[in-house]
Amino acid sequence: MKWSSLFLHSHKEDPREAEVISHKLMLRGAMIKRLASGIYSWLPYGLKALRKVENIIREEMDQAGAQEVLMPAVQPAEIWKESGRWEFYGKELLRFTDRKGGEFAMGPTHEEVITTIVRDEVRSYRDLPINLYQIQTKFRDEIRPRFGVMRSREFIMKDAYSFDTDEEGAAKSYDAMRRAYERIFSRCGLRFKAVEAESGPIGGSYSHEFMVLASTGEDVILSCPSCSYAANLEKAEIAAPAEPAFRQAPAGSPEKVRTPDVRTIEEVCGFLGVTPQELVKTLIYDTGKGVVAALVRGDHEVNEAKLKRAVGCESLELADEAAIEKHTGAPRGFAGPVNLPVQIVADYGLLDAGPYVTGANEEDHHLTNVWLSRDAKVDQVADIRNAGKGDLCPRCGQAPLDDIRGIEVGHIFKLGTKYSNAMNAAFLDEGGEQRPIIMGCYGIGVGRVLAAAIEQYADENGMVLPVSLAPYPVVVLPVNVGEEEVMGAASKIYEELTARGVDALLDDRDARPGVKFMDADLIGAPYRVTVGMRGLKEGVVEIKERATGTVEKIRVDEAVDYCMAKTKEAGSDY
RNA sequence: CGGGGCGUAGCGCAGUCUGGCUAGCGCACCUGCCUUGGGAGCAGGGGGUCGGAGGUUCAAAUCCUCUCGCCCCGACCA
């Protein structure tokens, strides 16, 4: 491709809408353009990079035995009602009606569709296992899209679904995907880590996320420095104490103090002169089937997924003001466990300490000198808070966890029979008995992989793309297109590279060299061949490696071989 | 959904408080000259429903009302 005819208008200034580096650079490098909040067009340069990611994914998925399909983006409500998710998925599911009043949704994921396909086509154990995948546009109506294509509403995703006859087979499918993902992300040149994860509204029992390590990542990962444990903050467990008991309380009783308009942990601490560690935070949750009070230490945070599991309920949300008043007898900010007539679940973090300050279940009052063993009726003690940096590793128990940030680029789930049961996807086994198919699902955010790669490697001059993702691994840059000798040498190198299968870009624009250098840096081309009179006089061109900045003088007739070797070497980096 | 900010040329912004010339600057774009190893210079030029609607006024980018959109923080969510 010649730059003069490439639809790539770079921007010198950072766009105002962008916050993180990858978003800024993708806009400046004309990879994407925003149409509406969280909705982007892919421009030629970006699309070419996106296709590189897709192709790596395709090759590895095919290699792993999966077969590509393409399902509809628009899905009828009917199948979502069948799986039960029409009710559960919430507002993120973009719903609309057609002209006849039929209900539809833009697919945020495709478990329902794939299950209807497989249940109709698969009858026998002989048809299994299978793994079907697609690369397709999804829509999730995110509350707050941000960071460009990193968290957009419309986005391209690779999603795969495996179907097995038994748990053993499902585990094999899961492992095959896990290995495929490792190859995919390695080939994309990413530094990443697979971590244990929550499965969220997709469901299922067991899941891993693939995290690209980057300080601007939205997710927090806790990992153990002395063993292989690593988990999303949302999932990270806290080791159960050896003896889950509250500290023995001395005789006495709580004391009520007046705390007018003092509600938050911070306010209580300031007002009473105590630390958050001495407080019990009492949160009232509505499970749909009743109310439960969750107790955590003042400096801890409730983890709703853990709480759900502890309580054994399907849904959970913070109770509203009216429900809080009804159950605690006081407005928000004054709830406490003493004489609270609801189910109470306390976190491990509250064990073996005291006394505490709690709400008094009375407006403008708190209690001090509260001992949970003596003054409260706790129904259950469990791990219901978020783990954090410094908590002991739940696996080896040898070291405190570290926290690092990551960008989730892939997520694999063991679904079990959640969808096959709900939607009646079954097969006949060897004994002629009907059994539900065991499923797994496996997602990769394609655009997010590209954004994450840019995020991970960018420097102050722009993108630094790995060869495997770079639309043009080599930019041939004639310093002055007016000099016949320069242009001739550059064209020759460019044509030879192209003929030998390298996607080269010839910067044939009649612009000043500085402009072209800056642009080559901005778009992150891994190798730049600079052709100028200065070098030609010595019979050389200069080849600069974007990632390291190193420049080598190479004889003109060896330039093509040099680029071939460099790009091949980097391209097979897995 | 709560809090904050912003909509003026493709991009980045000034002008709005205190209404008044033909709506301005930088980048980008077009023409010419000149220049060519890290975002040159000179001259000329094109491009605007000042987010939209309504109102006040002799006069509105500017004041008032309504409305739409975007960004950030939070809550929420894979």
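In what follows, chains carry the letters A, B, and so on, assigned in the order in which the sequence lines appear, proteins first and then strands, with residues in each chain numbered from 1. Quick caveat, the model's predicted, so the values are computed rather than measured. Heavy-atom basis, side chains included; hydrogens, waters and symmetry copies ignored.
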For a salt bridge (charged side-chain N to carboxylate O under 4.0 Å, His left out) with A:Asp519, tell me which candidate from A:Arg28, A:Lys12, A:Arg509 qualifies.
->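 With A:Asp519 as partner, salt bridge (charged side-chain N to carboxylate O under 4.0 Å, His left out) holds for just one option, A:Arg509.
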May I ask you to decide if the ring planes of [X] and [Y] are parallel, tilted or perpendicular, using 30° and 60° as cut-offs?
X: A:Tyr45; Y: A:Tyr472; value: parallel
X: A:Phe7; Y: A:His9; value: perpendicular
X: A:Tyr174; Y: A:Tyr206; value: tilted

Between [N] and [M], how many Å separate the two [atom1] atoms, rounded to a whole number?
N: B:A14; M: B:A43; atom1: P; result: 26 Å
N: B:C77; M: B:U18; atom1: C1'; result: 47 Å
N: B:A9; M: B:G48; atom1: P; result: 10 Å
N: B:C64; M: B:C70; atom1: P; result: 24 Å
N: B:G24; M: B:C68; atom1: C1'; result: 27 Å
N: B:C25; M: B:G46; atom1: P; result: 13 Å
N: B:A61; M: B:U8; atom1: C1'; result: 7 Å
N: B:C29; M: B:G10; atom1: P; result: 15 Å

Just call it for [X]: base, sugar-phosphate, or nothing, with non-hydrogen atoms closer than 4.0 Å on any strand.
X: A:Glu408; answer: base
X: A:Asp219; answer: base
X: A:Arg151; answer: base

Separation of [X] atom [atom1] from [N] atom [atom2], in whole Å?
X: A:Asn232; N: B:C77; atom1: CG; atom2: C1'; value: 13 Å
X: A:Met150; N: B:C72; atom1: CE; atom2: P; value: 12 Å
X: A:Arg144; N: B:A75; atom1: CZ; atom2: C1'; value: 10 Å
X: A:Arg332; N: B:G2; atom1: CZ; atom2: C1'; value: 12 Å
X: A:Glu17; N: B:G10; atom1: CD; atom2: P; value: 15 Å
X: A:Leu283; N: B:A75; atom1: CG; atom2: P; value: 13 Å
X: A:Arg146; N: B:C77; atom1: CZ; atom2: P; value: 13 Å
X: A:Ile143; N: B:C72; atom1: CD1; atom2: C1'; value: 16 Å

Going by purine N1 to pyrimidine N3 plus the second Watson-Crick contact, or the G-U wobble pair, all under 3.5 Å, which nucleotide sits opposite [N]?
N: B:C1; answer: B:G74
N: B:C6; answer: B:G69
N: B:G39; answer: none
N: B:C29; answer: B:G45
N: B:C63; answer: B:G55

Is a salt bridge present between [X] and [Y], judged by a nitrogen-to-oxygen distance below 4.0 Å?
X: A:Arg16; Y: A:Asp14; value: no
X: A:Glu142; Y: A:Arg151; value: yes
X: A:Asp508; Y: A:Lys2; value: no

Nucleic acid footprint by protein, nucleotides 37-49 of chain B - heavy-atom cut-off 4.0 Å, B for base, S for sugar-phosphate alone | BBBB---------
Under 3.5 Å, side chain of A:Gln456 to main-chain N/O of A:Leu213, donor-acceptor pair present?
-> yes
Could you tell me whether a side-chain N or O of A:His300 sits under 3.5 Å from a main-chain N or O of A:Val280, the two making a donor and an acceptor?
-> no
Shortest side-chain distance from A:Arg16, nucleotide among B:C13, B:U36, B:A75 |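 Nucleotide nearest to A:Arg16's side chain: B:C13.
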A:Leu318 or A:Ser37: which one's nearest nucleotide on RNA chain B is closer to the 5' end?
->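 Its nearest nucleotide lies further toward 5', so the answer is A:Ser37.
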Given RNA chain B, 5'-ward residue of the pair A:Ala197 and A:Lys33, judged by closest heavy atom =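 In this pair, the answer is A:Lys33.
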